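Bear in mind that the values here come from a model prediction, so they are computed numbers and not experimental data.
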Amino acid sequence: MAEHKISPGQQVVVVWDSHSSPEALQNFVQNIQAAVGAEGRVSVENLNQLLQSSHKESSFDTVLSGLVPGSLTMHSAEVLAEIARIVKPGGRVVLKEVVTTETDRNSRLKAITKLPTTLTFSGLVEVKELQKEPLTSKQTQTIQEQLGLPCNELFFVEIEGKKPNFEVGSSSQLRLSFVKKPILSEKPAVDPTAAKLWTLSANDMNDEDSDLLDSDELLDTEDLKKPDPASLKAPSCKESGKRKACKNCTCGLAEELEKEKKNLAPKSACGSCYLGDAFRCASCPYLGMPAFKPGEKILLNENNLHDA
């Protein structure tokens, strides 16, 4: 099988579907067995049973799927992932699949432009198309009946990919070399000219060469006067100019304001209190008292004073 690059001693698996005849499958497997020789081994798996197979990972050098004459294989993402699992690192995968030139997300068929990307997503590398051929009218009719959709411009595409030279999920320890910095036994030499710019010695502080200010010269005559103790005393409530006593008043303003409040005569809200009860409000403090002349001072008991 020179066209599939099968060499003696290889482990090969052939994946077939129900559209290929038993005779075609038998002849195909016999040709592969002759190519691998007595030292090699050929396994056969149905496409629908591949996911239930018990093959260990990295079991085969080559996977051939959909290459049996008469096959109408369509590889799902799960099937491609399983194929990538059972092939050895560095092994080859050769697929033949029915594709279409149309891009339809609802179709089970892959677009011819999307097939290489699908194989790459499954974990294969160096994906390349080997050949492409159109389907016969009978094959096209079979696909249309199987999918229940009108499919035009269908092709067989044979495509190849390789598994990377490492197993999925494998790990390796990285060898990192860290070059140690040399330890300086001595301090680096300092430029004398640069050091002189940033150091002062006793010789540099001669009074003749330095112009230093005396801090006492910054004070004038007013700054040296002793303040008057009276100016340091906080003003009392009366001296502050406000007719409001402090919270802890000690100057007598609080008592004075309280006395003035008591001596204030009540004022009439309506201006008719002096006319008598007929003209007074229901809450008037003068109720029950005789009329009086405007401006006449009327003395009331504190019990008779209440808010209108």
Side-chain angles (χ1 to χ4, degrees), residues 76-78 81 103-108 111 114 117 121 149 169 171 178 181 187-188 190-308:
S76 64
E78 293 78 11
T103 303
D104 186 1
R105 295 182 179 180
N106 297 324
S107 177
R108 291 172 54 190
K114 299 294 183 181
T117 305
F121 284 162
L149 296 173
S171 61
F178 298 94
K181 296 183 179 179
K187 295 183 179 180
V190 180
D191 187 2
T193 306
K196 187 176 181 180
L197 296 176
W198 298 99
T199 58
L200 292 175
S201 63
N203 296 330
D204 296 328
M205 299 299 292
N206 293 330
D207 294 340
E208 297 179 357
D209 299 333
S210 303
D211 187 12
L212 301 178
L213 293 177
D214 187 0
S215 58
D216 294 337
E217 295 180 0
L218 301 176
L219 302 176
D220 54 18
T221 307
E222 295 295 331
D223 296 330
L224 299 176
K225 288 183 179 180
K226 186 177 181 179
D228 186 6
S231 64
L232 301 178
K233 184 179 179 181
S236 62
C237 300
K238 295 180 180 180
E239 293 173 350
S240 63
K242 299 180 180 179
R243 292 291 294 173
K244 184 178 180 180
C246 302
K247 184 177 181 180
N248 300 320
C249 180
T250 58
C251 65
L253 180 59
E255 291 80 358
E256 184 180 345
L257 293 177
E258 184 67 24
K259 187 181 295 183
E260 291 179 358
K261 184 178 180 181
K262 292 181 179 181
N263 294 334
L264 288 176
K267 295 182 181 180
S268 172
C270 62
S272 302
C273 299
Y274 71 96
L275 296 176
D277 287 347
F279 300 93
R280 292 169 181 164
C281 303
S283 59
C284 182
Y286 296 105
L287 283 175
M289 298 185 66
F292 53 87
K293 294 179 182 181
E296 183 180 357
K297 187 175 182 180
I298 304 298
L299 298 178
L300 298 176
N301 192 345
E302 291 184 2
N303 297 330
N304 294 331
L305 297 177
H306 56 81
D307 294 336

Taking all non-hydrogen atoms of both residues into account, name the closest pair between [X] and [Y] and its distance.
X: M289; Y: R280; answer: O-NH1, 2.7 Å
X: L219; Y: L224; answer: CD1-CD2, 4.1 Å
X: A291; Y: G276; answer: CB-N, 4.1 Å

Listed by chain and number, what are the side chain to side chain contact (heavy atoms under 4.5 Å, CB included) partners of A254, not counting sequence neighbours? A245, C249
By side chain to side chain contact (heavy atoms under 4.5 Å, CB included), which residues pair with T117, not counting sequence neighbours? F121
K225: partners by salt bridge (Lys or Arg N to Asp or Glu O under 4.0 Å), with sequence neighbours left out: E222
